[in-house]
Amino acid sequence: MCGITGIFSLHGQAEIDRQLLARMNETQHHRGPDEGGLHVEAGLGLGHRRLSIVDLSSGQQPLFNEDGSVVVVFNGMIYNYRELMRELTALGHQFRSRCDTEVIVHAWEEWGQDCVTRLRGMFAFALWDRQRQTLFVARDRLGIKPLFYALLPDGRFLFGSELKALLADPALPRALDPCAVEEYFAYGYVPEPRTILRGVHKLSPGHTLLLQRGVTRGQPQQQRYWDIPFQPGSQRPAEEIAAELLERLREVVGSHLVTDVSLGGFLSGGVDSSAVVAMMAQLTGESVNTCSIAFNDPAYDESHYAAQVAQQFRTRHHMRTVDKDDYGLIDLLAKLYDEPYADSSAIPTYRVCQLAKESVTVALSGDGGDENFAGYRRYRYAMNEEKVRARLPEGLRKPLFGFLGRHYPKADWAPRVLRAKTTFEALARDTVEGYFHGVSIMPDRVRQRLLSPGLRRELQGYQAIEVMRGHAAQAPTEDALSLLQYLDLKTYLPGDILTKVDRASMAHALEVRVPLLDHQFVEWVSGLPPALKLHEGQGKYIFKKALEGTLSEDILYRRKMGFSIPLSSWLRGPLRQMVQESLLGPLLRQTGLFDMDFVQELVEQHQSGRRDHAAPLWALLMFAAFLRNVLQAGASTSTSAAGLQPTARAA
């Protein structure tokens with residue numbers, strides 16, 4: 001795992017500031033502390049920080065082809081690099097290392113832009129072809145590895161693995177994107193391809209950029225090369241599918257074990273991580289290193305399940321107990337993530353990566369299981385709502401449930417069965433609207449009150465649901481459950497889950513691999529019948545059936561806990577003063593982005609115990625930390641509503 005960065009003069013061969021390039025590269029030292037490399041030529045500068053995983057003695061980057069006309073900087077791992085080496089060698093290419101990076105330059109020479117379709121792995125890379133005067137930039141299919149870029153007014157194209165690399169250039173505009181602010185307070189993160197800064201973009205998963213000097217004009221256009229197919233496979237008995245699933249799982253975990261350094265696995269005690277660890281133990285025949293975090297509050301602790309799996313597979317288990325009031329990372333997380341990021345599970349994720357790095361350099365995780373196999377409880381709720389929608393005509397359903405949703409009291413304190421306001425509101429909407437409403441960290445009505453009139457004018461009617469609507473319009477399926485999975489694979493997975501793990505792991509120079517997100521595995525699973533994923537209210541039905549001979553009933557069928565922390569009590573107790581100072585002080589007020597009377601109302605209602613506003617308050621707290629730790633020092637920063645300009649509405 002590594003960090004990449006670069007500067008490309010799009011319209012000429014302007015001299016590259018080597019010192020600036022070095023500063024950009026050094027901002028990502030944590031991603032690759034083993035080695036650093038720069039390459040500068042007329043109109044081009046490439047930087048690389050290396051975390052050595054394969055071929056430790058060679059494979060330094062930037063890496064060139066035989067005649068030096070093609071050079072690449074690469075972040076990630078190509079799991080089929082040995083097969084590609086053999087194929088490319090047979091085609092006449094000569095390799096000077098046994099590093100996976102080198103297959104990229106030769107694959108480009110042989111197949112051009114189609115080279116990405118031959119790569120199996122997680123990757124973000126930038127490749128310069130001097131003869132064609134072409135810069136080719138690519139990101140893996142599911143968005144496991146990140147890539148940010150911006151085209152500056154002077155014609156320089158900047159890119160980096162993290163936003164902080166671009167922020168090292170003082171010429172980068174710092175104006176906030178109003179649409180991104182709206183999206184952040186809906187999703188808790190800024191979905192691809194937008195970033196919090198206007199004019200700075202994320203390369204979307206499964207997309208490439210092709211920039212040709214003297215040819216490319218204006219903002220480069222992202223090109224999609226892959227999508228989740230959701231094409232139904234042949235109808236077979238569930239037993240046969242379960243057996244094939246287990247074999248595919250074993251194969252894909254095996255493909256992720258290639259490394260020249262110490263390797264282990266995260267082990268939460270949930271189905272996904274336990275399944276990955278079980279396959280690792282079976283395939284290696286050795287004692288696997290496993291890591292888990294325990295909490296000193298039983299309500300949040302599932303470490304005994306992790307210990308049970310560790311004992312079953314005789315792993316070398318490393319566990320550390322974390323205080324449930326481990327809230328001291330707020331400012332550090334803001335610096336790591338560069339953008340506002342409101343998933344509070346980033347805190348325990350940071351801690352488990354910190355623990356894992358003490359014993360391994362590569363760790364396998366179970367991320368992707370919930371999206372692949374419909375494991376989230378929200379899928380069950382959404383499909384129950386979908387059944388009601390199907391039974392009532394829209395002309396009756398919308399006014400009836402819309403009325404109930406507006407007038408039913410909000411009862412955060414009540415048992416779930418009595419908290420019907422959100423359900424009524426969802427039933428008044430269509431499938432996408434209902435799902436968006438269910439996953440939003442704050443409802444539309446709350447965001448409308450939170451964001452200032454000035455910011456709402458800048459938005460010109462734009463709403464964050466347009467992100468999901470854009471993806472839904474391209475979805476290759478009409479099945480309701482598959483559509484919701486597709487939306488999560490396009491938004492929540494790359495924007496939240498994979499972002500969280502990438503920044504937390506790279507902060508400790510730890511490589512995390514996600515075998516359940518191998519694209520061939522994802523393609524096959526997407527074609528399974530939806531009824532085998534969510535079956536009679538049971539998520540991951542076929543996945544659990546396949547694992548019944550491998551994992552115990554306690555692991556497979558216990559209630560899902562998640563990686564949660566006690567936000568509500570934090571914000572009323574130990575973080576009470578921080579909330580008062582960060583949210584009601586001058587920092588948020590001077591931005592002009594928020595209705596401060598409403599912010600005060602949220603704080604007072606939550607801290608008095610009358611209402612639970614943990615999600616919006618945490619989002620505001622992390623937004624304030626972003627302003628304080630990332631943007632506040634920048635002299636050219638514009639954070640006021642008056643400094644914002646409307647941006648294109650396309651998500």
* Does the Tyr492 side chain pair with the main chain of Leu487, one donor and one acceptor, at a distance under 3.5 Å? -> no
* To do: Report the distance from atom CZ of Phe266 to atom OG of Ser365, rounding to the nearest 0.5 Å.
  => 6.5 Å
* Interatomic distance, His29 atom NE2 to Thr27 atom OG1 [nearest 0.5 angstrom] -> 11.0 Å
* Arg139 (side chain) donor-acceptor with Lys145 (main chain) under 3.5 angstrom -> yes
* Trace of the side chain to side chain contact (heavy atoms under 4.5 Å, CB included) decision for Phe623 with Leu587 -> CA-CA 10 Å; Phe623 192 87; Leu587 182 60; over 6 Å; no
* **Verdict with supporting geometry, Asp479 and Thr477, side chain to side chain donor-acceptor pair (under 3.5 Å)** => CA-CA 6 Å; Asp479 174 77; Thr477 178; 5.1 Å; no
* Asked: Got a donor-acceptor contact below 3.5 angstrom from the Gln607 side chain to the Leu571 backbone?
  -> yes
* Asked: Does the separation of the ring centres of Tyr149 and Phe157 fall below 6.0 angstrom?
  -> yes
* Asked: Ion pair present between Asp502 and Arg31, side-chain N to carboxylate O less than 4.0 angstrom?
  -> yes
* Side chains of His437 and Glu385: is there a donor and an acceptor less than 3.5 Å apart? -> no
* Gap between atom CG of Leu620 and atom NE2 of His613 - 0.5 Å precision -> 11.5 Å
* Asn75 (side chain) donor-acceptor with Ala124 (main chain) under 3.5 angstrom -> no
* Asked: Does Arg572 have any side chain to side chain donor-acceptor pair (under 3.5 Å) partners at least two apart in sequence or in another chain, and if so, which?
  -> none
* Salt bridge flag under 4.0 Å for residues Lys490 and Asp227 -> yes
* Determine yes or no for a side-chain-to-main-chain donor-acceptor pair under 3.5 angstrom, with Thr195 supplying the side chain and Val200 the backbone. => yes
* May I ask you to say whether Arg469 pairs ionically with Asp430, meaning some side-chain N is under 4.0 Å from a carboxylate O? => yes
* Asked: How about Gln448 and Arg445: does a side-chain donor come under 3.5 Å of a side-chain acceptor?
  -> no
* Asked: Out of curiosity, Gln600 CD to Asp595 CG, how far, rounded to the nearest 0.5 Å?
  -> 10.5 Å
* Scan side-chain atoms only and decide if Tyr376 and Asp488 contain a donor-acceptor pair under the 3.5 Å cut-off. => no
* Gln485 side chain to Asn372 backbone, donor-acceptor under 3.5 Å -> yes
* **Minimum-distance pair of heavy atoms, taken over all atoms of Met122 and Val512** => CE-O, 3.6 Å
* Asked: Around atom NZ of Lys357, are there more than 12 heavy atoms of other residues, nucleotides or ligands at under 6.0 Å?
  -> yes
* Within the distance-only criterion (no hydrogens, no angle test), does the side chain of Asn25 pair as donor or acceptor with the backbone N or O of His48 below 3.5 angstrom? -> yes
* Asked: Is a side-chain donor or acceptor of Gln28 paired with a backbone partner of Ile4 at a separation under 3.5 angstrom?
  -> yes
* Structure fact -> d(Leu127 CG, Ile104 CD1) to nearest 0.5 Å is 8.0 Å
* Do the side chain of Arg447 and the main chain of Glu183 share a donor and acceptor less than 3.5 angstrom apart? -> no
* For Gln223 and Thr208, indicate whether the former's side chain and the latter's backbone hold a donor-acceptor pair under 3.5 Å. => no
* Could you tell me how the ring of Tyr486 sits relative to the ring of Phe230: parallel (under 30°), tilted (30 to 60°) or perpendicular (over 60°)? => perpendicular
* Side-chain heavy atoms of Thr499 within contact of Pro494, under 4.5 Å -> no
* Is there a side-chain contact between Arg503 and Leu333, using heavy atoms and a 4.5 Å cut-off? -> no
* Is the shortest heavy-atom distance from the side chain of Leu583 to the side chain of Leu621 under 4.5 Å? -> yes
* To do: Would you please indicate yes or no on a ring centroid separation below 6.0 angstrom for His508 and Tyr350?
  => yes
* **Lys500 side chain reached by Tyr337 side chain, heavy atoms, under 4.5 Å** => yes
* Structure fact -> Nearest heavy-atom approach of Asp367 to Leu517 is O-CG, 3.8 Å
* Asked: Aromatic rings Trp226 and His519: how do their planes relate, parallel, tilted or perpendicular, breaks at 30° and 60°?
  -> perpendicular
* Within 45 degrees of the axis of the six-membered ring of Tyr187 and under 6.0 Å from its centre: does Arg194 put its NZ or CZ there? -> no
